[in-house]
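Worksheet for the structure shown next.
The structure displayed is predicted, hence computed values, not measured ones.
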Amino acid sequence: MHLTDIREKLADRPDLTRHLAQVKEQMATCIQCGTCSGSCPNAGFMDMTPRRMWRAVLADRLDLVFSSQTFMLCASCYVCTLRCPRGLPLTDAMAALKQVAFALDLDRFKRSTRFYRAFMDNIRQYGRVRETELMARYFLAVKDPRVPMSYTGMGIKLMAKHKLHPHFPTLGPGRLGPLFERATQQQEQ
Amino acid sequence: MTDQIGRTLVIGGGISGIRASLDLAQSGFQVLLLEQSDRVGGLLSQLDTQFPTSTCGMCRMLPMMDRDHGDPQCLRRGLAHDNIEICVSTDLISLTGEPGNFTVSFIDQTDGGRQECPVLVVDDEKIVRDSMKEWLMEEGYPVQTAASAAKALELLETGDFKAMLTDIKMPGMDGVTLLTRAREIQPDLAVVMMTAYAAVDTAVEAMKQGALDYLVKPFDPDAVLLMVDRIYKDAVAKNARTDTVDAVILATGATFFHPDQGINAYGYGRIPGVVTNLEFERMLSHAGPGGMDLTHPVTGRPVTRIAWFQCVGSRDIQTGTPFCSSTCCMIAVKQSLLAKTMYPQVTEACVFYMDLRTWGKASDAYARQAETAGVRFVRARVHSLAPGSKETDGAIPVVWMDPSGERNQSLFDLVVLAPGQHPDAFLTGFVKDQELAADDWGFVRPEPFLPAHTSRPGIFACGSATGPKDIHDSVTGATAAALSAMQVMAGAGRHLVQNSEPAESPDQQAAGISLFPGALVIGGGIAGMTAALAIADQGFEVDLVEKTDQLGGNLVWLQNGIQGADDFLEQQMAAVQAHDRIRVHTRTCVAETTGRPGRWVTRLTPVADAGKITDAQILEQESGPSPEDRSARQSAGVPVRHGVVVLAVGGAEAGSDTDGLDQKSGIYTQQQFQLLLDGNDIDSGSPLQVALFQCHGSREPGREYCSRVCCPRSLDQALRLKTLNPDTRVVIFYRDMMTPGLTEADYTEARKKGVVFVPYEPGNAPNLAADDTGCQVTWTDPILGRAMEMDADYVVLAKGIRSSLSKDLARMFGADVDGSGFFDQADIKWRPVEAMDPRVLACGICLEPGSLALTLASARAAAAKAVSLLGRQTFFPGQDTARVRSAFCSLCQICIDACPFNARFIDPETRTLKVDPLACQGCGICAAACPSGAAVVAGRSLAPMMKTIHAALNTPL
Amino acid sequence: MTQTVMEPSQATPSKIPSLTGEAFEPVLIAFVCNWCTYTAADLAGTSRLSYPDNVRLVRVMCTGMVDPQYVIKAFLEGADAVLVSGCHPGDCHYINGNYKARRRILLLKQILPRFGIDAKRLRLTWIGASDGIEFAQTMTRFVKDIKEIGPCQARQQPVI
Amino acid sequence: MIASIQTKNQSITRTLQDFFADLLKTGAVDAVLVPSRISESLYVKPCLITSADQMDPTVPLGPGFFVNAGPMVSRLTRTKAGATIGVWLRPCEVRAFVELTKLRQGGREEVVILSMDCPMALSRKDYEDWAAQGDEGLGDVDTWIHTVYQKPVTQVDAWPVARACQVCESPYPVNADVSVMLYGADLDKEIPVRADTEKGEKLLAALDLTDGGQEPEPRNALLANLTADRTAAFQALDEEMRVRTGSIDALNRFFSACVNCHNCRSVCPACYCKECVFNTDAVAYAPTQYLSWADKWGQVPMPNDTVFFHLTRLAHIGCTCVGCGQCTLACPSQIPVADLFISVTRNVRNAFDYVPGRDDAEPLPLSVFQESEFTDIVGMGNKEVT
């Protein structure tokens with residue numbers, strides 16, 4: 001993902017630039033001690049460790065930031081925030097980067113964006129996760145036949161263990177609507 | 001009556017307390033030394049060796065003169081001096097008054113102390129009762145507990161309690177009613193309410209009904225102890241001993257952070273094999289738990305792999321200690337070096353650090369010594385520890401991420417944590433009672449430009465009470481505090497204990513020497529001026545020699561770089577010029593000196609041409625006048641007679657100015673850039689790109705020391721640039737950011753303002769490609785692992801400090817210059833401002849690189865030493881001073897070569913060998929070297945020793 | 001590391017240990033430096049460590065003060081062995097006293113063996129202020145070694 | 001620069017006497033120190049000669065060696081004399097003087113040291129017999145000279161050379177300004193002379209002895225096996241002394257004839273003290289002390305401290321003894337003190353890797369030290385230095 005493309009996309013989104021500036025400001029006092037990378041359970045799978053991610057953020061290397069999988073693999077377990085000697089809000093910063101990536105709808109994260117959106121809509125609608133409908137909605141959104149095919153193996157195994165309930169929605173609408181409105185309001189401020 | 005003997009109270013018997021007490025006692029004043037614990041020595045008694053050498057040497061703090069007034073013994077066995085009254089296991093009850101008339105009351109803990117203050121703890125929760133009981137018992141208070149108010153009243157009937165701590169919400173009778181009922185039984189009982197957060201208003205209500213105070217759950221041990229402490233002091237105040245003193249020196253030091261507080265990510269106390277560095281110090285010692293072997297504290301097996309974790313409870317906002325505790329890095333370096341050299345079984349010694357802070361003069365070379373001994377230094381912070389399992393055979397697995405992002409794992413038998421330091425309960429209480437100005441973390445804040453002074457006149461502070469310090473800084477600060485106390489006592493008209501003791505015998509009278517009463521201070525910088533003023537204020541004549549034509553030295557170009565330094569400099573220069581006992585000789589240098597130490601006649605000569613001093617001239621000055629030139633100056637010299645000399649010739653930016661820096665491409669040295677900043681010649685309109693390059697030429701072969709001031713200076717410059725224009729991009733290239741102690745706050749502040757810090761290894765420093773348009777800086781970022789480059793408008797090279805002290809000048813007074821060109825101190829830790837001869841002193845940055853605060857401290861310390869020497873009329877030989885039987889002496893000078901303190905010399909007129917009673921330490925080495933028995937030391941020559949040997953071998957048991 | 005606890009009865013009866021009849025009890029003299037080794041001896045005492053009482057301590061201000069004559073006189077006066085013990089290099093209160101002592105002991109170790117005084121009878125050790133255990137061990141080992149070698153000749157006959 | 005003095009078919013003694021006379025005549029030196037006979041007796045002592053015509057009684061080369069001239073030169077140079085003195089010294093005398101300069105008992109500035117391949121010395125008794133058989137009461141110096149310098153000898157005719165000379169480690173000039181090379185030279189024709197320092201060159205130039213000579217061809221070979229013999233002789237001496245003084249009892253016997261006269265001390269060039277500690281009040285024991293010693297062993301021979309004195313002297317000059325043998329020559333009880341001192345001191349200074357007199361700048365071993373050295377003699381380990 002080239003730096004210029006990122007800059008272009010951000011040009012007309014002042015809210016996202018402000019969002020990123022806030023992340024950068026929060027990370028300013030990072031002393032590069034490596035505790036976050038050491039304590040992150042998913043660090044092994046990330047192409048760029050959290051410590052390197054914060055370095056890139058501070059160096060305004062948005063090209064590196066948005067070409068890495070790091071914030072997508074962050075499982076928000078908050079261990080890094082607990083251990084950071086500087087008391088920096090590391091997990092919230094990762095979430096912020098994730099939101100900016102979704103908002104920019106970068107095609108690099110196309111699949112993750114659609115999965116997260118499908119997941120959120122599913123919960124908003126039913127107040128709980130309905131796996132089959134969630135995956136169906138996700139496969140439709142991805143519009144790429146190969147993706148569902150890749151899940152068939154896992155699907156069969158889950159069905160064998162009665163983890164997948166083939167029936168269609170019968171429960172009434174979920175009651176989490178107001179919670180979502182409130183969250184979106186807060187996001188605007 | 002005002003003319004009694006000057007007496008000072010020193011609180012705290014650790015390293016600083018001992019040093020301050022000995023300085024005052026040696027000068028002839030009396031000292032009252034109070035120590036809370038049961039012995040004098042503080043941390044000292046637990047240390048076999050101290051960095052930056054792997055040797056001990058604390059007994060070198062003992063006085064060099066009048067040794068008959070004290071016990072010549074290892075300080076770990078105790079301190080004894082006629083002028084020091086030592087009270088151990090003593091609690092300070094109260095301190096009131098002003099300089100010259102302080103009233104202090106104190107009590108011995110063991111009799112009439114804490115036993116006299118029984119405490120009753122009333123709470124329905126067992127856990128609260130037990131923990132409170134444990135804390136209070138440990139402090140020596142007798143404690144009883146009661147689960148309910150009824151039980152409490154029952155106990156109150158029979159027992160006689162001084163304090164009661166009671167919960168409010170309890171089944172049956174609540175705390176408030178218990179309060180009223182209790183006060184009926186015992187009206188003078190002090191009651192403290194313990195309340196959960198919600199019930200504070202009821203606690204306040206209780207206070208209206210006579211409760212002394214309230215504590216909020218969850219309790220902090222220190223708060224509880226502070227509360228009970230106050231009650232205890234009021235209770236025993238009546239049978240405490242009171243005394244009046246003229247000045248007070250606070251030297252209570254700091255305590256170590258307990259790693260099990262807070263999140264305890266390293267499982268201290270849970271995981272066997274995780275110890276603190278103080279505990280490991282004891283394990284290393286042969287007098288420690290493991291005896292002669294280094295064994296695992298739990299399994300008892302020999303330890304082979306040791307890891308040191310730095311910054312546990314320092315530089316950590318989570319534990320409320322965002323400052324650096326200054327000494328832990330060097331402790332780790334020493335312990336790792338000792339572990340590798342004392343115990344061959346240790347195969348793996350690994351120090352995990354963020355910045356290895358080796359800022360002392362000899363510290364960096366000592367750290368390199370550890371590296372060559374096989375210690376591995378890894379720049380990483382281990383996030384947490386899991387206990388060892390059966391597979392790892394009990395060894396602790398340590399996982400860390402090195403800068404390149406590689407995940408590393410290794411097994412260690414022992415993990416040594418470096419806990420930070422913070423103020424102890426006593427200091428917090430004392431600061432509150434005496435309303436001393438303290439900084440944000442509870443340390444005493446020294447007055448600007450008066451390192452030992454607190455906000456209360458007459459009360460001085462030194463050592464770690466004013467912020468974590470190493471031995472060198474503590475000892476220098478303690479001597480400076482002693483000077484401040486002397487100034488107060490002089491002001492109050494006090495006199496010395498023994499000013500002019502008569503000689504006991506005629507030949508002792510003949511062998512005595514009296515110093516010329518004046519002092520010669522060479523170098524008119526801020527160090528020289530401060531020392532001159534301090535000596536002159538005590539009533540002695542001072543000759544201040546400055547080779548340029550104006551005073552001020554380096555502070556002249558630096559005054560706008562330090563807040564308030566400009567007025568201070570002006571004030572000092574005015575004071576020096578106006579002082580009637582200071583003769584200022586500008587554009588003058590020392591031609592040569594004659595006479596014995598203490599009776600020097602030094603010839604001062606005007607510097608050759610009348611014009612501005614040329615650089616070449618200064619360089620020539622520094623290397624000393626060439627021989628033929630010296631004779632030319634012989635004639636015009638002004639002879640000065642002085643008994644003490646203070647070398648304060650200062651230093652300059654290292655790296656000669658002519659090493660090809662072309663400022664048109666924006667490359668400046670730190671000093672040049674500071675002048676630009678102060679002269680606001682930096683146009684801050686458009687954002688700039690500035691690169692600050694640390695350790696440029698320092699900490700490398702040829703100059704193996706850290707100049708200690710460049711990192712704080714660069715941070716200050718970076719912050720100035722950011723305030724000028726927040727969008728200016730400032731990048732600091734560093735090896736280790738040396739911001740020890742409380743200066744760590746500037747480092748965090750710089751990061752907050754967006755300054756980028758790029759660490760580099762000595763091997764691949766960033767390279768500068770300068771051309772006339774600007775300078776391009778290229779480097780590989782160690783964390784991103786990518787090549788980066790930057791077109792810098794300004795590149796500032798931190799060249800560090802070099803000393804201007806020439807070998808010739810030092811040798812002229814029998815001192816010398818060390819490997820790095822600075823003044824060769826008698827002992828870098830224990831006698832930091834003196835040469836081997838106590839009459840040759842040094843201060844400022846010709847002694848060691850340091851900040852303005854350290855320069856002022858060393859200047860006042862040097863003045864203290866000078867004053868204590870000049871204050872004595874004559875120095876008579878003690879019982880154990882060497883004597884010479886000239887009839888047998890063939891002047892072979894073997895004894896002169898053998899004497900470690902060059903106390904022996906040949907008197908030119910009489911062609912006989914004489915002993916300088918002030919320098920001679922009575923060790924007897926000369927007596928052993930002399931074949932003919934001409935060198936005699938009482939009790940340590942052939943005849944007495946043969947009697948001793950005969951008695952030893954022939955007396956039946 | 002268990003401390004070497006010796007029963008009080010093992011100490012010698014209160015007369016000059018003699019050579020004949022019962023087991024040979026050596027008489028040794030130790031020149032100990034006042035600052036470090038004497039403190040270690042003090043520490044050994046306060047730590048309740050026992051060591052044989054054959055060694056008679058002579059406190060000197062510094063090992064640098066031990067003139068070779070003292071060692072020679074000690075041997076000629078009938079000492080079975082002489083120990084010189086001072087501070088570790090770098091700890092010396094007088095800066096370099098211990099280095100000078102080391103050269104003098106080397107000189108003596110060349111001379112004395114020529115006259116039947118075994119080099120093992122003269123020892124130089126560095127014992128620091130906290131080496132209480134090492135002090136006790138040194139004394140115990142020293143007495144054991146000398147018991148093996150046997151009495152020094154100068155103890156049996158006067159030297160002219 | 002090597003020159004040669006022509007003997008002009010005179011005796012070598014006469015040639016050297018003329019050489020010294022020329023030195024005085026040309027003013028190259030203001031005085032000369034040369035051994036010479038005292039009132040035609042058979043004994044020689046170093047004489048300070050300033051007039052050229054006093055040369056006849058001098059005996060530059062001969063077996064008579066009764067005073068080590070080292071201390072004499074130190075007395076002449078204790079302070080500035082304002083005169084240049086040419087001193088004619090044997091190698092051991094040169095080395096003794098150099099050691100004394102290290103002890104600041106003299107200085108080399110005003111001295112030109114002329115040294116020679118050593119003619120060796122006879123014991124006092126042998127010397128008297130040797131001297132008697134010569135015609136004018138001074139033995140046959142020329143035959144002595146011719147026999148000694150042709151091949152390595154340990155005796156001339158029937159007289160054995162002094163034991164100290166038999167084991168001497170440097171019979172050739174060391175650390176001198178002018179070295180006279182006699183071994184293997186055709187002495188009837190010329191005496192090769194080598195200038196080792198500028199001072200030496202200046203002296204020879206004053207006598208316009210130009211750089212024409214060369215070292216006698218057989219000299220090196222001759223010196224090589226001379227040294228080999230001497231080393232072997234030393235081993236033998238060392239073995240013998242280890243036996244004769246290997247125990248306290250043997251030491252008692254060795255010194256049983258000693259009467260504490262301290263003669264060996266007063267002639268020893270290395271013992272520079274004004275007064276020996278054993279003559280001072282330091283050893284003035286109280287009568288009760290003697291009784292206490294007597295109680296300890298049952299009896300104590302008087303005066304005691306004989307062995308204590310010799311062992312102390314061994315410790316004091318352990319590194320500075322140059323092995324000149326004067327102590328044996330001076331001992332009234334004919335105790336071979338030199339044999340003991342030479343064998344012990346050579347081992348002592350090997351441990352410090354020090355040779356007395358070889359180099360002015362080499363400091364005395366006990367006046368200097370290194371931070372870490374000789375670590376194997378520290379501690380209870382049994383890596384003992386035997």
Subject >> Region of B/Cys930 that comes under 4.5 Å of a non-hydrogen atom in chain D >> reply: neither

Original post:
Do D/His316 and B/Pro931 have side chains that get closer than 4.5 Å, going by heavy atoms?
Top reply: yes

Original post:
When rounded to the nearest 0.5 angstrom, what is the spacing between CG in D/Asp281 and CZ in B/Phe888?
Top reply: 6.0 Å

Original post:
What distance do B/Ser932 atom OG and D/Asn279 atom CG have between them, rounded to the nearest 0.5 Å?
Top reply: 11.5 Å

Subject >> Contact origin within B/Ala887 toward chain D - heavy atom pairs under 4.5 Å >> reply: backbone

**OP:** Determine the option with the most heavy-atom pairs under 4.5 angstrom with chain B, choosing from D/Leu364, D/Thr312, D/Val277.
**Re:** D/Val277

Subject >> B/Asn954 side, atom CG; D/Asp295 side, atom CG - distance, nearest 0.5 Å >> reply: 9.5 Å

Subject >> Atom group of B/Leu942 that falls short of 4.5 Å from chain D, counting heavy atoms >> reply: side chain

**OP:** Provide the closest heavy-atom pair for B/Met946 versus D/Val283 in the form atom of the first, atom of the second, distance.
**Re:** CE-CG1, 4.1 Å

Original post:
Quick one: CZ on D/Arg78 to CG on B/Leu891, what's the gap to the nearest 0.5 Å?
Top reply: 8.5 Å

Subject >> Spacing of CZ belonging to B/Arg885 relative to CD belonging to D/Glu275, to within rounding of 0.5 Å >> reply: 10.5 Å

Subject >> Any side-chain heavy-atom pair of D/Gln105 and B/Ser890 under 4.5 Å >> reply: yes

Subject >> Heavy-atom contact with chain B under 4.5 Å, split by part of D/Phe369 >> reply: neither

